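The structure appears below as structure tokens.
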Amino acid sequence: MRTGTNLPAIGGYNQAVVLDAIRRAEDGLSRVELAERTGLSAQTIGNVSRRLLDAGLVIETGKIVNGPGKPRTILQLESRGSYAVGVHIDPAVITYVVLDLRGSIVSHSRTRTPSASQPDQVVDLMARSIDHLIDDSGVDRSLVLGVGIASPGPIDADAGIVLDPPMLPRWQDVPLRAALSEATGLPVLLEKDVTAAAVAELWFSSRNGRANFAFVYYGTGFGTGLVINREAVRGASSNAGDAGHITVDAGGRVCICGRRGCVGDLITPRSLVRQAVEAGLLPLPPATEDDLLDLASIVSSLHRLAELAGSGDPAATKILHDAGRHLARAIVVIVNLLDLDEIVFGGPFWEEISGAILEVLPFAVESSEALIPKHGLRFERSAVGEDVAAVGAAVLVLDHAFSPRPSAMLISV
């Protein structure tokens, strides 16, 4: 919990401190409790609370009696006070969500991811989808704070450009942030997808003590969102989390990077389907015009592979168990490097394979002779669900608007 300051020049920071404290308290807080938790004076809490009430961001929800004296009035978030749009670009689908101020999904939609060979058409499609989503949600557009985009990396976060994601071969140097902001009339934030997913998990786990974890993102691709001391790790260019080239099988296939046995080349849906085809379990999915396996067919084939494993097919089970052990070796490297105590799993296709993977992965991690930290590790499913990256993108908008930041205390020139 950050504490505030009573200096009058930084009321904006104090307002964020109070709002953040109220957000973290599921049952709300009284003004006395807010003063105790934030370190702000009673007068400052009174002034900030009045501003938040006037802005429609909090509401008074009742009174409690706690000993002698005047009953205390409880303040809670007004979920309808503000909204944010989140967009997640996966090579297979684009997911759109509208969140209210509490982080609840108000509206949701999906479209198939188009080629970005004509960026204007991509931006137009996304802008129209966002407009339709807001209209369908019934939300007052004036209360929408902005749009967050979760994109595969690498990205140029400062310029708001999607550079050249490996599974989106035609998405090169797409200026999504500026173009989408102009098309929608809304502020736009761009974040790497795995970081957005980790931020969502952090936002919704504020009361369970989750502080140092890796979010293992499993969609069309594989990556890790990283959180240390409750802060998302972004790196120098906001591209942290590319763990796909950790070597886990020295005798494995040659990866596009030139090395053998990279985890990302062994466990992604495309790779698992390829292994199932080679084992005679599945027919070969059709190819696209780029001579790549069609993503929609891969999703269908992955579902079939998971069904076969669930029914006890030994060859299908072996493919997924091997994937679990490969992933475990990569997790050991990440845990050793960052001294994490929790691994959270999620993403669009995680639930398809999670049962078989988790049958072997925890033991493979904890029994590894390479594992250095001696404390216990927790292995958890995402608290958010398959839309975690889109939710995270919207949460980033809310977080940017309302979470306290020490930088807000600096004097600007």
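Here the structure is a predicted model, which means the values were calculated and not measured.
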For [Y], does its backbone N or O pair with a side-chain atom of [X] as donor and acceptor, under 3.5 Å?
| X | Y | answer |
| --- | --- | --- |
| Asp156 | Asp158 | yes |
| Asn212 | Asp341 | no |
| Lys192 | Asn239 | yes |
| Gln275 | Leu266 | yes |
| Thr38 | Leu34 | yes |
| Tyr218 | Ile267 | yes |
| Ser129 | Leu125 | yes |
| Arg177 | Ala157 | yes |
| Glu191 | Leu396 | no |
| Asn336 | Ile334 | no |

For residues [X] and [Y], determine if any side-chain heavy atom of one lies less than 4.5 Å from a side-chain heavy atom of the other.
| X | Y | value |
| --- | --- | --- |
| Arg31 | Thr73 | yes |
| Phe215 | Val227 | no |
| Leu189 | His400 | yes |
| Val216 | Val344 | no |
| Leu320 | Leu305 | yes |
| Glu386 | Thr95 | no |
| Phe213 | Ile343 | no |
| Tyr83 | Asp140 | no |

Ignoring hydrogens and angles, state whether a donor on the side chain of [X] or [Y] is under 3.5 Å from an acceptor on the partner side chain.
| X | Y | answer |
| --- | --- | --- |
| Ser311 | Asp313 | no |
| His88 | Asp387 | no |
| Ser368 | Arg329 | no |
| Ser271 | Arg274 | yes |
| Ser382 | Glu201 | yes |

Measure across [X] and [Y] and return the closest heavy-atom pair with its distance rounded to 0.1 Å.
| X | Y | result |
| --- | --- | --- |
| Val123 | Ala183 | CG1-CB, 4.1 Å |
| Cys262 | Cys257 | SG-SG, 3.6 Å |
| Ile134 | Leu186 | CD1-CD1, 4.2 Å |
| Gly148 | Val397 | N-CG2, 3.4 Å |
| Ser107 | Leu133 | OG-CD1, 3.1 Å |
| Val277 | Pro283 | CG2-O, 3.5 Å |

Drop me the distance from [X]'s [atom1] to [Y]'s [atom2], to the nearest 0.5 angstrom.
| X | Y | atom1 | atom2 | value |
| --- | --- | --- | --- | --- |
| Ile105 | Asp100 | CD1 | CG | 10.0 Å |
| Ile155 | Ile161 | CD1 | CD1 | 10.5 Å |
| Glu342 | Leu340 | CD | CG | 9.5 Å |
| Ser79 | Leu77 | OG | CG | 8.5 Å |
| Leu19 | Asn14 | CG | CG | 12.5 Å |
| Thr247 | Arg259 | OG1 | CZ | 4.5 Å |

Practice prompt. Report the C-alpha distance between Ser82 and Leu57 in whole Å, list the side-chain angles of each, state the deciding distance to 0.1 Å, and finish with yes or no for side-chain contact (heavy atoms from CB on, under 4.5 Å).
Written response: CA-CA 7 Å; Ser82 293; Leu57 298 175; 3.5 Å; yes

Practice prompt. Report the C-alpha separation of Glu33 and Ser30 in whole Å, then their side-chain angles, then the decisive distance to 0.1 Å, and conclude whether the side-chain contact (heavy atoms from CB on, under 4.5 Å) test is met.
Written response: CA-CA 5 Å; Glu33 291 168 323; Ser30 69; 3.3 Å; yes

Using a strict cut-off of less than 4.0 Å between a Lys/Arg side-chain nitrogen and an Asp/Glu carboxylate oxygen, indicate whether [X] and [Y] qualify as a salt bridge.
| X | Y | result |
| --- | --- | --- |
| Glu278 | Arg253 | yes |
| Arg23 | Asp20 | yes |
| Asp265 | Arg260 | no |
| Glu351 | Arg381 | yes |
| Asp135 | Arg141 | no |
| Asp322 | Arg325 | yes |
| Glu352 | Arg304 | no |
| Glu366 | Lys374 | no |

Discussion item. If you apply the rule side-chain hydrogen bond (donor to acceptor under 3.5 Å, both in side chains), what do you find for Asp193 with Ser151, and how did you get there?
Written reply: CA-CA 5 Å; Asp193 52 4; Ser151 169; over 6 Å; no

Practice prompt. Report the C-alpha separation of Ile74 and Leu29 in whole Å, then their side-chain angles, then the decisive distance to 0.1 Å, and conclude whether the side-chain contact (heavy atoms from CB on, under 4.5 Å) test is met.
Written response: CA-CA 5 Å; Ile74 298 300; Leu29 295 171; over 6 Å; no

Discussion item. Show, in sequence, the C-alpha distance, side-chain angles and deciding distance for Phe345 and Leu327, and conclude whether the side-chain contact (heavy atoms from CB on, under 4.5 Å) test is met.
Written reply: CA-CA 11 Å; Phe345 301 89; Leu327 180 55; 4.1 Å; yes

Worksheet item: Between Phe222 and His326, does the ring centre distance come in under 6.0 Å?
Response: no

Item to complete: Might you confirm whether atom CG of Leu358 has over 12 heavy atoms from other residues, nucleotides or ligands at distances under 6.0 Å?
Response: yes

